[in-house]
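First up is the structure itself, then whatever we jot down about it.
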Number of protein chains: 2
Amino acid sequence: MYDLIIIGAGPAGLTAGLYCGRYKLNTLILEKVSCGGQIVLSSGIENFPGFPGGISTQELIERFKKQVDLLGVNIVSEEVSAIEKGSGNYLVRTESNIYPVKTIIIACGALPQRLGVKGEEVLIGRGVSYCATCDGPLFKNKEIVVVGGGDKALEEAIFLTKYAKKVTIIHRRKEFRAAGVLQDKAKNNHGIEFIMDTVVEEISGENKVEKIKIKDIIKNTKSELACQGVFIFAGITPGTGFLKNQLNLNQLGFIITDENLKTSLEGVFACGDCRQKELYQVINACSEGAEAAYAAQKYLLEKK
Amino acid sequence: MYDLIIIGAGPAGLTAGLYCGRYKLNTLILEKVSCGGQIVLSSGIENFPGFPGGISTQELIERFKKQVDLLGVNIVSEEVSAIEKGSGNYLVRTESNIYPVKTIIIACGALPQRLGVKGEEVLIGRGVSYCATCDGPLFKNKEIVVVGGGDKALEEAIFLTKYAKKVTIIHRRKEFRAAGVLQDKAKNNHGIEFIMDTVVEEISGENKVEKIKIKDIIKNTKSELACQGVFIFAGITPGTGFLKNQLNLNQLGFIITDENLKTSLEGVFACGDCRQKELYQVINACSEGAEAAYAAQKYLLEKK
């Protein structure tokens with residue numbers, strides 16, 4: 001029996017794996033897709049301490065993974081469908097296995113949030129995208145709209161100017177939330193235009209995106225904008241569907257923990273973007289991975 | 001006037017600087033000694049995510065610092081003697097300046113704790129040390145005692161076997177607190193011996209360390225051990241003396257914050273090892289630096 005299963009192999013799960021490996025806990029990491037989580041949806045990261053000038057997210061994740069590999073912690077590709085209370089332990093169910101385990105760290109992360117407008121779902125992969133790194137190169141010399149006002153929206157808009165003829169950022173507020181340096185970079189980039197105080201109401205096109213309907217929420221006027229791509233950066237939604245009714249989640253599905261990362265289930269801890277918290281950065285996810293590992297090994301010691 | 005002063009340039013202060021720089025806050029970092037804080041007292045670090053196989057602490061700090069430099073954030077070498085409430089702002093006093101400032105992040109870190117036994121103070125620098133990296137090379141072919149049972153004690157004991165003829169770890173408990181991989185490494189190292197359940201009662205020698213008196217606390221027996229070096233890793237004590245009576249500290253002097261890193265003074269935040277918390281790791285300090293920066297910029301926005 002494993003001492004501990006970590007669900008998810010993004011920055012939080014991999015750092016938890018690093019610490020659990022160093023604690024010499026018999027640890028298994030389960031990841032449904034591939035290592036990295038959301039950060040691989042971005043091309044690079046500039047604000048992870050230790051990498052002046054930035055690092056590609058692929059390389060950063062490779063480094064995290066190698067550090068875990070060196071400790072002999074297994075990472076297995078299986079999707080967790082449920083966690084259940086067994087007799088004195090937990091059971092972690094995947095499509096192909098049932099793992100009995102003493103303690104669990106949930107680091108299942110989050111995914112980009114849908115905008116929730118007409119035409120969005122049907123045009124995903126046909127011009128609607130949530131990942132500039134993945135889909136940017138498909139939009140050479142095209143006109144792109146970026147929706148959002150946070151760090152990620154501006155970072156990705158800047159990145160997309162490498163490919164697109166024009167990038168228009170549409171943001172529902174008067175000001176961006178993004179870091180000042182990113183705002184400067186975007187404003188100094190001649191490939192980017194800005195439409196503020198404006199929301200997207202519909203995305204449309206025959207087989208692929210052709211235009212969007214937008215609304216200026218101050219003037220209360222509507223208009224249309226021709227474009228071939230719509231990149232949406234409207235926040236995140238946690239991948240916690242498999243936990244429903246099993247532990248305390250908030251209304252949006254984020255896991256509620258105390259400050260030591262304990263969930264409402266004894267011996268189950270959560271860290272990273274699946275957790276209700278203030279700041280969703282890679283450095284915070286890593287830190288919480290270490291904290292969850294520490295809490296889990298302490299729990300195991302006390303349980304003995 | 002600066003928007004923000006960060007007191008301390010260890011991992012927490014430098015990451016706060018990185019984030020404040022990216023927020024484009026007019027930021028000054030004040031550091032009394034040199035960048036790095038406590039981590040430069042260790043030679044290397046293996047558990048900072050992103051560096052498989054480990055990295056020297058000097059290089060890691062250089063990387064943190066370069067990332068801050070690239071953003072144009074100033075790091076100035078001045079010791080803060082007090083923070084005071086001014087009219088609508090704070091005043092940060094150093095030996096040579098008084099800086100008015102809107103908000104403050106305290107990241108002043110901690111220093112190694114004294115053991116508090118007879119002979120310790122007088123023999124500092126004469127065989128008593130708190131820094132294996134600094135002083136290890138002075139003990140070639142000597143007999144060294146390492147006092148402590150945490151990660152740092154074992155890491156440093158392993159490091160000291162590079163120089164010493166023999167390293168004896170003395171720990172007051174039956175078991176080490178250190179991570180399992182470190183315990184294995186230490187136990188497999190033929191240069192290291194172990195004396196458990198034992199405390200050091202006195203360090204003595206004419207002009208330099210010659211021997212220590214120890215006591216087995218189970219058998220209640222006393223004995224002496226000849227040695228030329230005593231390396232003490234008995235925890236940390238925060239560098240918060242200049243804050244006494246100004247904000248809430250716990251009994252040991254660690255700063256009490258809420259989970260958003262607010263101190264008892266409005267607009268003053270704290271992060272890293274100077275703070276009362278569960279886990280004192282570099283990755284946590286960095287994460288808290290980012291969180292404190294986020295909280296400070298939010299405070300400045302709301303104050304506007």
Side-chain angles (χ1 to χ4, degrees), chain A residues 11 14-15 17-25 46-55 59-72 151 175 177-184 258-261 277-279 281-291 293-295 297-298 301, chain B residues 11 14-15 17-25 46-55 59-72 151 175 177-184 258-261 277-279 281-291 293-295 297-298 301:
Chain A
L14 289 174
T15 306
L18 164 63
Y19 270 74
C20 290
R22 291 179 64 82
Y23 289 136
K24 292 190 62 86
L25 301 177
E46 289 187 344
N47 62 6
F48 192 82
F51 298 96
I55 181 170
E59 195 195 328
L60 188 60
I61 280 295
E62 271 311 307
R63 285 168 162 260
F64 289 169
K65 190 170 169 293
K66 189 167 175 205
Q67 222 165 345
V68 171
D69 287 343
L70 287 173
L71 290 161
D151 279 4
E175 282 178 17
R177 269 185 301 113
V181 281
L182 288 172
Q183 296 193 36
D184 285 357
D258 71 5
E259 60 176 31
N260 296 318
L261 307 185
K277 58 175 180 163
E278 191 78 7
L279 195 59
Q281 296 279 301
V282 176
I283 187 68
N284 308 126
C286 289
S287 174
E288 291 171 28
E291 287 171 68
Y294 175 77
Q297 66 90 29
K298 206 170 149 190
L301 275 180
Chain B
L14 289 174
T15 307
L18 164 62
Y19 270 74
C20 290
R22 291 180 62 82
Y23 290 135
K24 294 190 58 86
L25 302 176
E46 289 186 344
N47 61 7
F48 192 81
F51 298 96
I55 182 170
E59 195 194 329
L60 187 61
I61 279 295
E62 271 311 307
R63 285 168 163 261
F64 290 169
K65 189 170 168 293
K66 189 167 174 203
Q67 222 164 344
V68 171
D69 287 341
L70 287 173
L71 289 161
D151 279 5
E175 282 178 17
R177 269 184 303 112
V181 282
L182 288 172
Q183 295 192 36
D184 285 359
D258 71 6
E259 57 177 31
N260 297 318
L261 307 184
K277 58 177 180 163
E278 190 79 5
L279 194 59
Q281 297 278 300
V282 176
I283 186 67
N284 308 127
C286 289
S287 174
E288 291 170 29
E291 288 171 67
Y294 174 77
Q297 66 90 27
K298 207 172 147 187
L301 275 180

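Each chain gets a letter, A, B and so on, in the order the sequences are listed, and its residues count up from 1. Just so it is clear, the values below take in all heavy atoms, side chains as well, and ignore hydrogens, waters and symmetry mates.
Contact count against chain B (heavy-atom pairs under 4.5 Å) is highest for A/N47 among A/N47, A/L18, A/T15, A/L70. Ranked by non-hydrogen atom pairs under 4.5 Å with chain B, the options A/I55, A/V282, A/N284 are led by A/N284. Residue with the most contacts toward chain A among B/G54, B/C286, B/A178, B/G53: B/C286 (heavy-atom pairs, distance under 4.5 Å). The greatest number of non-hydrogen atom pairs below 4.5 Å with chain A, out of B/A295, B/A179, B/P11, is found for B/A179.
For A/D184, the part lying near chain B is the side chain, with the backbone staying farther off; criterion is any non-hydrogen pair under 4.5 Å. For chain A, the nearby part of B/L71 is the side chain; its heavy atoms alone come within less than 4.5 Å. For a residue to count as touching a neighbouring chain, one of its non-hydrogen atoms must lie under 4.5 Å from one of that chain's; by this rule B/K298 touches chain A with the side chain only. There is no contact between B/D151 and chain A, counting heavy-atom distances below 4.5 Å. For B/E46, the parts lying near chain A are the backbone and the side chain together; criterion is any non-hydrogen pair under 4.5 Å.
Between A/R63 and A/E59 there is a salt bridge, with a side-chain nitrogen of the basic residue lying less than 4.0 Å from a carboxylate oxygen of the acidic one.
Of all heavy-atom pairs between A/L261 and A/E288, the closest is CD1-O, 3.2 Å. Here the closest non-hydrogen pair linking A/F51 and B/G50 is CZ-O, 3.7 Å. Contact detail for B/Q297 and B/L25: the closest heavy-atom pair is CB-CD1, 3.8 Å.
Inter-residue side-chain proximity for B/I283 and B/P49 is flagged as met; some heavy-atom pair is nearer than 4.5 Å.
Relative ring orientation between A/Y294 and A/Y23 is described as tilted, the plane-to-plane angle lying within the 30° to 60° band.
For B/Q67 (side chain) and A/F48 (main-chain N/O), a donor-acceptor pair under 3.5 Å exists by modelled atom type.
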